[in-house]
Structures are given as C-alpha cells and as structure tokens.
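The next block holds one structure in the form of structure tokens; read it before the comments.
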2 protein chains.
Amino acid sequence: MLSTGHYLILSSLSRNGPESRSELALRLGMSKAAVSSLVRDLLKQEILCEQAPVHGSGRPSVPLAVRAEAAWFIGISLQDDPAIVVLTDLHGTVHDRMELPRHADLETCVSSLCEAITYLRRGPRSAKVSGVGMALPGFVANDRQTCLACAALGWRDVDIGGVLSKRTGLPTWIENDANALILGEQLFGALRGSPDFSVIFISNGIGCANIVNGRLLRGYAGGAGEMSHAPIVTDMAHALPCRCGNRGCLETVASLLAIGNAARRAGLPGDIAELARLAAGAHPEALSILHHAGASMGLATAHLIQLIDPSHVVVMLDPNLRDGIYGHALLRETESHILRRPASRSMIDFRDFEPDSFACGAASLAARYFIFGPDGV
Amino acid sequence: MLSTGHYLILSSLSRNGPESRSELALRLGMSKAAVSSLVRDLLKQEILCEQAPVHGSGRPSVPLAVRAEAAWFIGISLQDDPAIVVLTDLHGTVHDRMELPRHADLETCVSSLCEAITYLRRGPRSAKVSGVGMALPGFVANDRQTCLACAALGWRDVDIGGVLSKRTGLPTWIENDANALILGEQLFGALRGSPDFSVIFISNGIGCANIVNGRLLRGYAGGAGEMSHAPIVTDMAHALPCRCGNRGCLETVASLLAIGNAARRAGLPGDIAELARLAAGAHPEALSILHHAGASMGLATAHLIQLIDPSHVVVMLDPNLRDGIYGHALLRETESHILRRPASRSMIDFRDFEPDSFACGAASLAARYFIFGPDGV
DNA sequence: GGTCAATATTTCATATCATGAACTATATTG
DNA sequence: CAATATAGTTCATGATATGAAATATTGACC
C-alpha cells in the first residue's frame with residue numbers, strides 16, 4: 001500500500017515532469033533520505049522508472065519518471081452520440097478505443113458499456129486496469145457517483161457510477177463533461193500543472209470549467225462555470241427564449257445549435273461548414289449571424305476573465321468557426337473588454353475539437369486517484 | 001513553537017466554534033490521544049480555554065474555545081480617507097481604534113501609521129500584539145508585502161509591508177481591500193467557515209472578492225473578482241468611457257461616483273441620500289438613474305453567480321440604496337438571470353457598510369497567520 | 001593517468017509524532 | 001448503590017521523517 005509520502009512523489013512527478021531524487025527533495029521540502037526510501041518502494045512496484053542520467057558537474061542525477069504502463073484506465077464519454085470508450089495509460093495516451101450507440105435506457109446503456117469495457121480489458125493488461133471514469137453532459141452529485149440530472153439522456157438521480165462499479169468490479173468516477181475535460185487537461189494536457197486556467201468548448205451546447213488555486217472550481221451546488229446561461233443579450237427586444245426558462249442566455253446565440261437556427265430563420269443553410277463558407281464569401285447575413293455569435297461568446301469570455309483571471313483560456317471549437325469571423329469576433333470582443341494585462345500575449349488558446357477529448361478526460365478521473373491517492377493530495 | 005497538529009486544532013476550533021476533545025478527534029480524524037496531548041500544550045500556553053462542561057449521558061464533555069485575549073492584531077484600512085487603524089483580539093472584536101488622515105506620501109503615511117500603532121499597543125497587551133494587516137484599494141504582489149499599483153494613493157511598486165514591518169518590528173501582511181474584507185468575513189464573520197461565498201461592496205468604486213474551495217480566489221495575476229470593469233453596458237451608444245480605457249464598465253453606471261455624476265448631468269443633486277429621497281418620492285429621472293444602476297449591478301451579479309456558484313453573496317452598500325429602487329432592481333435583475341436553484345431562498349445578503357469592516361479584515365490577515373500557522377493549513 | 005572538487009544518493013541511528021488499548025474520571029439512570 | 005455511558009489520559013509501540021556521515025559517480029585540472 002502507498003502512503004501519503006509516496007503519493008506526494010507521484011503527484012509531483014506527474015505535475016512537474018521527470019525529476020531526480022535531489023530535485024524532488026528540494027521541491028517537496030523533504031529530506032533526501034525520505035525521498036530515497038519512498039522512491040525505492042515505487043521503483044520496486046514498477047510505478048516509477050529511472051531515466052538516462054543527466055551529467056553536470058559531480059555525480060550525474062537520475063531523473064525519475066512515472067511509468068506509463070504502470071496502470072491503465074477506462075474513459076467513457078456520453079457527451080455526444082455515439083458514446084466513446086477509450087483505454088489509456090498513466091500518461092493519458094489512448095491505446096484502444098470503441099464507439100457505440102449512446103443509449104438512454106439505463107440497462108441497455110450499462111450492458112453495452114460493460115461489453116466494451118470487457119473487450120478493451122482483454123489481454124495481459126487486464127490486471128492493471130485500475131479504474132473507470134465517465135463524462136456526461138449534466139449535473140453530478142458530490143459523491144461523483146450519481147447523475148443528478150442529464151437532459152440529453154433524460155436521467156434524474158441515476159446511480160450510474162454505482163451500477164458500473166458493481167458490474168465491472170472497478171472503482172468508477174462520474175463527472176460533468178466540461179469538468180472531465182479540464183481535469184484531463186490538468187493531468188495529461190499541455191497546461192498540466194497550471195494552477196489557474198479555464199476551458200470552454202463550443203458544440204451544440206456550450207461548456208465551461210475552471211481550475212483555480214490548482215483545484216476544480218465546482219461551486220456551492222456544483223454549478224460553477226455555467227457560462228452557457230450567462231445573460232448576454234440584454235436587449236429584450238432581441239433576446240430569444242432559452243430552454244432554461246430565461247431569455248438571452250449565451251447559448252441562444254453562440255452555440256452551434258443557435259447558429260444553425262438563426263441561419264435557417266434567415267433562409268440560409270443550417271450547416272456550420274456551409275454557413276462559414278458563405279461568410280468567407282462575404283455573404284452579409286451569414287457574416288452578421290456569425291459575428292453576433294462570436295462577439296457574444298467573446299463578451300461572456302471577457303466576463304469570465306475579469307472574474308476568474310485565468311492564465312489561459314482554452315477554447316475548443318470547430319475549425320470552420322475558429323478561422324472565420326466567429327473566431328475573429330470572439331478574440332476582438334474579449335480583448336476589448338478586459339483590463340490590459342502586463343503580458344500582452346493573448347490568453348486565449350484555440351484548439352480543435354478532438355473526438356476523444358472527453359473520453360480521455362474521463363479516464364483521467366480514475367488516473368487522478370491512482371496518482372494523487374485516496375486523499376487527493 | 002506550535003506544530004502542524006496544533007494549528008489543525010486551532011483552525012478547526014476557529015472555523016467550527018467550540019468543541020470537545022472527542023469531537024475534535026472525530027472531525028480531524030486523529031486519535032483521542034493525539035488531540036489530548038496537543039490540547040494540553042495549547043491550554044498551557046493559554047491559547048485555548050475550557051468552557052463549562054456539557055452534560056449528556058456519561059462523563060460531561062468539555063468544550064474548548066480559542067481565547068480571544070491570546071493574541072492581538074493591528075488592522076489598517078487605507079480604503080478611504082480617513083485611514084482607520086484598529087486593535088482587535090483573536091475573535092475579531094475591535095477593542096480600540098483611531099482615525100487619521102490618509103497620506104499619499106509614503107514617509108508621512110508610514111510615520112503617522114506607526115504613531116497610531118504605538119499608541120494602540122500601549123499597556124500590558126503590548127507583548128501579545130502579534131502582527132499587522134493592511135487593506136488598500138489596489139493591486140498587491142504575491143508576497144503580500146508590496147503594493148504593485150494603487151490609483152487612489154498614486155503608488156507603484158511600494159514595499160509598504162517591508163517598511164511597516166521594519167518600523168514596527170511586527171510581521172505585516174498587505175491585501176487588496178476586497179480581499180481583506182472577504183478574508184475577514186471568512187475568519188471572523190457570520191459566514192465563517194463557508195467554503196464558497198462572495199462579497200461585493202459598492203462605494204465610490206465597486207469591489208468584489210470570492211472564496212472558493214475554502215480559499216481566496218486570487219487568479220493568475222491577482223486580478224480575480226474585477227467585477228468593477230465587467231462589460232455591462234454593451235449598447236455603445238450609451239456606454240460611458242471608464243478610467244480603465246474601455247467603455248461601459250460596471251463602475252461607470254453602478255458605483256456611487258457614477259450615480260452622482262449621472263444625477264448631476266440630469267440637473268439633480270449628486271448626493272446619494274438626497275437622490276434616494278427623490279426616487280422614493282417617485283421623481284422619474286431619479287428613479288431611472290437608480291434603477292439603471294441597480295439593474296446593472298444585478299446583471300453583473302448574475303454573471304458572478306453563474307460562473308462561480310457561491311452559496312451566498314454578501315452585498316455591502318449604503319442603506320439608502322439598499323432599501324430603495326436600487327436594491328430592488330439589483331435583486332430582481334440578479335434573480336431573473338440565474339438558473340433556478342433547488343433552494344428558492346435568495347442567496348444575496350445585504351449588509352450595511354460598517355466603517356471598520358476593512359480595518360477588521362486587515363487585522364484578520366495577521367490573525368490568520370496566528371491561527372493557521374506558517375503553512376496556512 | 002591521478003587527484004580533487006562537486007554533486008547525487010544511500011545508510012543508519014535518532015527524534016518526532018500519531019496510534020491503539022487499557023485505564024481513569026465523571027456523569028446519568030434506575 | 002451498581003450499572004452504564006461517554007470523556008479524557010497514560011503509555012508502550014510502531015511508523016515516518018531527519019541530520020549527519022558514508023558512499024558513489026562524475027568532470028576538471030594538473
């Protein structure tokens with residue numbers, strides 16, 4: 001069994017990349033003796049490995065790294081249809097994947113997922129698969145087991161975590177899709193280790209999550225990051241009703257669904273790629289719709305930046321939108337509404353929608369437990 | 001010297017109020033033996049005291065409490081002119097206070113403050129004064145010593161903490177005014193121990209700070225909570241220029257200064273109390289100005305709630321505004337733009353502006369160190 | 001090539017700290 | 001008064017981190 005000390009080492013190596021025993025001791029404020037002994041255990045258990053020595057003056061230091069093959073994880077995304085199930089290693093690399101229809105019926109859903117999991121666990125790795133994570137578009141209880149509400153699947157108070165855990169015999173964690181995404185980014189992604197950043201994704205809906213002080217910002221009722229229903233259109237003459245009951249929410253103008261609807265209302269094609277092509281050809285209505293959507297998104301992003309002050313905002317969206325007037329309006333509107341920062345670089349990183357992002361984030365939920373331990377250092 | 005264990009006990013008692021040794025052991029997950037021994041030390045050092053036994057069945061339990069007189073703190077507010085200096089005990093009760101002119105000149109400012117501190121430290125308490133905290137309207141560096149920028153005082157990169165510390169011989173912490181306010185509320189106030197809440201104050205400027213996951217949300221560059229420059233007026237025909245260089249910021253419509261300016265532009269008195277009186281008498285222009293200001297404040301508050309999801313939002317403002325159309329518009333606009341929560345109670349707590357709030361918050365910065373220890377448990 | 005200085009890592013006796021079990025203390029209840 | 005229940009203490013024990021000294025492994029310099 002691993003102790004708190006072991007987990008400290010593991011999480012530091014995972015966050016900060018390979019480091020020698022001496023560097024670890026310095027960073028963690030522990031004695032070299034303690035680190036040495038803890039590392040010995042982790043090497044014996046083949047969780048860490050030694051890398052090629054680094055030569056300086058004096059005895060070379062031996063960087064220690066987390067072994068990718070030390071543990072494997074299953075990640076499930078119900079964010080969209082089809083559902084995606086992946087098998088990742090401890091570095092978040094996907095080694096195998098499956099797509100299957102997303103079933104709303106709990107029993108059908110669980111059986112098809114379990115079948116996929118059994119398939120992905122085949123072979124010698126089986127014993128080292130350490131947990132399952134699931135991302136879904138909805139609210140999840142604090143126990144990270146129960147889905148409190150999921151409009152897309154029609155679920156209410158569904159103990160999907162408990163059921164999966166019982167059927168697979170593996171510990172299981174459930175998360176909201178945006179939260180899973182940012183937790184994956186924090187553990188595996190380019191922004192690994194950054195203590196303050198945000199992720200926004202724009203698809204049929206709009207999702208947002210924030211890491212602050214190195215931890216996920218959940219809020220009092222788990223509703224933090226609900227950018228999607230930010231009151232953006234305040235001119236009530238133009239505010240559209242939203243499914244949440246209010247009017248003028250961000251998602252009524254800036255989501256793919258909203259853009260498609262607006263286009264159809266104007267007699268244009270509802271398909272995003274086609275609409276973007278029209279806009280690129282200077283079609284005035286298409287330009288207007290996409291500009292309004294992008295600027296609204298930018299305004300909401302400015303609110304986010306002013307309130308939360310992240311170091312980066314990762315924005316995942318369709319390349320057609322990113323490269324056209326939507327992306328341009330988003331950037332311009334954001335930057336014109338935030339206080340000038342000393343670093344003049346843009347803090348917005350566009351990123352393509354990659355199909356496995358959510359499933360990877362889901363797998364990271366289980367990996368997190370392996371790396372940070374039961375107390376979540 | 002106190003160990004981590006001692007600070008665990010101290011912070012638990014401070015957060016959760018008096019508890020017996022057994023209750024502490026349960027809450028902190030420590031053995032009764034450990035708690036017993038740690039408490040013994042703290043009693044001997046007169047940091048804790050035993051309260052009257054509570055009788056149940058079996059041996060009565062002895063609640064332990066933090067002794068208010070165990071330590072004293074100096075709190076300085078430069079939030080407004082005059083500056084305020086208070087002496088508080090470990091419970092945040094003000095025992096003595098002084099007001100003095102707020103000097104922009106560093107040397108004059110420091111000398112007058114030191115004089116006040118010397119005066120407040122007179123008498124037998126002197127030895128138990130453990131630290132100094134200061135709140136000022138500006139940006140503070142991460143070391144909590146240097147004021148990076150303060151428009152009201154014209155300061156830039158002023159090591160006010162270092163100077164005060166050297167002159168008084170006491171450890172000193174500097175904070176932004178809103179941050180000091182919320183940290184005081186977290187340590188001493190009614191919301192003590194709540195892990196997710198926000199504080200907004202409305203005076204000549206607008207300040208905001210948030211506690212999330214039990215910690216202050218500072219953001220990447222210390223700029224979190226900058227609600228004051230949230231882009232609220234998006235209709236550029238009506239957006240007023242703001243001192244930050246943008247247009248339509250919240251503070252150009254909702255701050256006392258902005259309200260006064262708007263009133264004067266309309267040929268009305270700039271004084272808030274008088275304006276409120278006119279509005280109460282149904283003066284249409286006064287009503288319009290105050291409604292617009294309050295609704296703007298409410299819109300920004302809705303953004304805050306949607307993004308951060310606090311359990312409470314404490315709003316400190318002039319009673320004249322709270323009880324009139326401003327407060328009403330603020331509440332209505334906020335509630336009409338947030339997702340319905342299961343608990344239908346309002347999450348907004350109005351509170352009067354009390355003159356010593358900021359100085360008390362400042363004192364809490366030093367008290368925090370005494371209670372949580374150097375590692376800030 | 002040999003020696004020295006520099007740095008990394010390990011060893012080990014020791015100090016610290018929390019624990020569990022047994023014990024003591026002090027109440028209520030009948 | 002005995003039985004019962006809960007609070008708090010004592011103490012031997014075990015786990016864990018520590019500091020200092022020893023060992024290991026290199027580059028630099030003569």
Side-chain angles (χ1 to χ4, degrees), chain A residues 1-13 16-67 372-375 377, chain B residues 1-13 16-67 372-375 377:
Chain A
M1 210 60 276
L2 299 185
S3 76
T4 314
H6 293 117
Y7 285 118
L8 271 174
I9 304 248
L10 251 180
S11 19
S12 173
L13 288 176
N16 310 115
E19 282 188 311
S20 72
R21 296 168 175 79
S22 298
E23 290 165 322
L24 278 171
L26 198 67
R27 183 191 290 279
L28 300 174
M30 308 167 74
S31 65
K32 293 187 289 171
V35 171
S36 191
S37 134
L38 293 169
V39 163
R40 193 191 349 265
D41 303 339
L42 292 170
L43 285 173
K44 184 171 299 173
Q45 293 187 45
E46 298 190 304
I47 294 171
L48 298 186
C49 60
E50 297 188 322
Q51 294 187 331
V54 172
H55 294 251
S57 66
R59 175 172 173 176
S61 64
V62 182
L64 300 160
V66 179
R67 279 189 64 231
F372 295 156
D375 303 329
V377 177
Chain B
M1 210 58 275
L2 300 184
S3 74
T4 313
H6 294 115
Y7 285 118
L8 271 175
I9 304 247
L10 251 179
S11 21
S12 172
L13 289 175
N16 311 114
E19 284 188 311
S20 72
R21 294 168 178 78
S22 300
E23 289 165 321
L24 278 172
L26 199 65
R27 183 190 290 278
L28 300 175
M30 308 167 73
S31 65
K32 291 189 296 171
V35 172
S36 192
S37 134
L38 292 168
V39 163
R40 193 193 347 266
D41 303 339
L42 292 169
L43 285 172
K44 184 171 299 170
Q45 293 188 43
E46 297 190 304
I47 293 171
L48 298 184
C49 61
E50 298 188 320
Q51 294 188 330
V54 173
H55 295 251
S57 67
R59 177 172 171 175
S61 65
V62 182
L64 300 160
V66 178
R67 280 189 64 230
F372 295 156
D375 304 327
V377 176

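Residue numbers start from 1 in every chain, and the chains themselves are labelled A, B, ... in the order their sequence lines are given, proteins ahead of strands.
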Could you give the NZ-to-C1' distance, from Lys32(B) to dT19(C), as a whole number of Å? 12 Å
Can you measure His55(A) atom NE2 to dA6(C) atom C1' for me and round it to whole angstrom units? 14 Å
Under a 4.5 Å cut-off applied to non-hydrogen side-chain atoms, are Glu23(B) and Asn16(B) in contact? no
For the side chain of Ser3(B), counting heavy atoms from C-beta on, which of dG8(D), dC17(C), dA8(C) is nearest? dC17(C)
Once hydrogens and angles are ignored, does a donor-acceptor distance under 3.5 Å link the base of dA7(D) to the side chain of Arg59(B)? yes
Is the shortest side-chain heavy-atom distance between Val54(B) and Ser20(B) below 4.5 Å? no
Provide, to the nearest angstrom, the distance between the CG atom belonging to Leu26(A) and the C1' atom belonging to dT9(C). 15 Å
To the nearest angstrom, the CG-C1' distance between Leu38(B) and dT9(D) comes to 14 Å
Measuring to OP1 and OP2 of dA5(C), would you say a side-chain N or O of Ser57(A) lies under 4.0 angstrom away? no
Kindly point out which of dC17(C), dT18(D), dG8(D) is positioned nearest to the side chain of Met30(A)? dT18(D)
Distance, rounded to the nearest Å, where Arg21(A) contributes CZ and dT7(C) contributes P: 19 Å
Can you tell me how far apart OG (Ser12(A)) and CZ (Arg27(A)) are? Round to the nearest 0.5 Å. 5.0 Å
Choose from dT28(C), dC11(D), dG8(D) the nucleotide whose nearest atom is closest to any side-chain atom of Ala33(B). dC11(D)
5' precedence on DNA chain C between Gly58(A) and Ser22(A) (nearest-nucleotide basis): Gly58(A)
Heavy atoms under 4.0 Å, any strand shown: does Ser37(A) hit a base, just sugar-phosphate, or nothing? nothing
Take atom CD of Glu19(B) and atom C1' of dA7(D), then tell me their distance rounded to the nearest Å. 14 Å
Side chain of Arg40(B), heavy atoms from C-beta onward: which of dA6(C), dG8(D), dT9(D) has the nearest atom to it? dT9(D)
Contact check, side chains of Gln45(A) and Leu2(A), non-hydrogen atoms, under 4.5 Å: yes
Round to the nearest Å and state the distance from Glu50(B) atom CD to dT26(C) atom P. 12 Å
Roughly, in whole Å, what's the span from NE2 in His6(A) to P in dA17(D)? 8 Å
Is the backbone of Glu46(A) close enough, under 3.5 Å, to the side chain of Arg67(A) for a donor and an acceptor to pair up by distance? yes
Categorize Val62(A) for me: base, sugar-phosphate, or nothing, with a 4.0 angstrom heavy-atom threshold over every strand shown. sugar-phosphate
When we call it a touch if two heavy atoms are under 4.0 Å apart, what does Ser31(B) touch: a base, just sugar-phosphate, or nothing? base
Do any side-chain nitrogens or oxygens of Ser36(A) fall under 4.0 Å of OP1 or OP2 in dT9(C)? no
